[in-house]
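Here is the structure we will look at.
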Amino acid sequence: MRQSKYLPEKTLRLLFGLGVFLPFLVASFTSQSIGADFLEIGMIFCMVFVFSFLTYWIVAKAVMQLLED
């Protein structure tokens, strides 16, 4: 069995920070440029935020897995 490597706390904070901050920026820019109504802006924001957060998280996990090998 492989032993998992310990990630420093600073790296984890950076990953979580970027995992929330970058999707938030993408979602806010997209919803403001597309939406006209308040409800429409909110729905677009939620949809884009979830999509970009999951995309970021999948890429971050793949990179972490490649670095462990």
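Predicted model only: the values in this text are computed from it and were never measured.
- Residues Met47 and Phe29 do not share a hydrophobic cluster, clusters being chains of Ile/Leu/Val/Met/Phe/Trp/Tyr side chains in contact below 4.5 Å.
- Residues Val48 and Ala27 approach most closely at CG1-CA, 3.6 Å, considering heavy atoms.
- Interatomic distance, Phe51 CZ to Thr30 OG1, rounded to the nearest 0.5 Å: 11.0 Å.
- In this structure, Leu22 CG and Thr55 OG1 are separated by 12.0 Å, a value rounded to the nearest 0.5 Å.
- Once rounded to the nearest 0.5 Å, the distance linking CG of Leu25 with CZ of Phe49 reads 10.0 Å.
- Distance check, rounded to the nearest 0.5 Å: OG of Ser28 to CD1 of Ile44 gives 12.5 Å.
- Side-chain heavy atoms closer than 4.5 Å link hydrophobic residues (I, L, V, M, F, W, Y) into clusters, and following such links, even through other members, never connects Phe53 to Phe21.
- Contact between Leu18 and Tyr56 at its shortest, heavy atoms only, is CB-OH, 3.3 Å.
- Taking the six-membered ring for Trp and the full ring otherwise, the centers of Phe24 and Phe45 sit less than 6.0 Å from each other.
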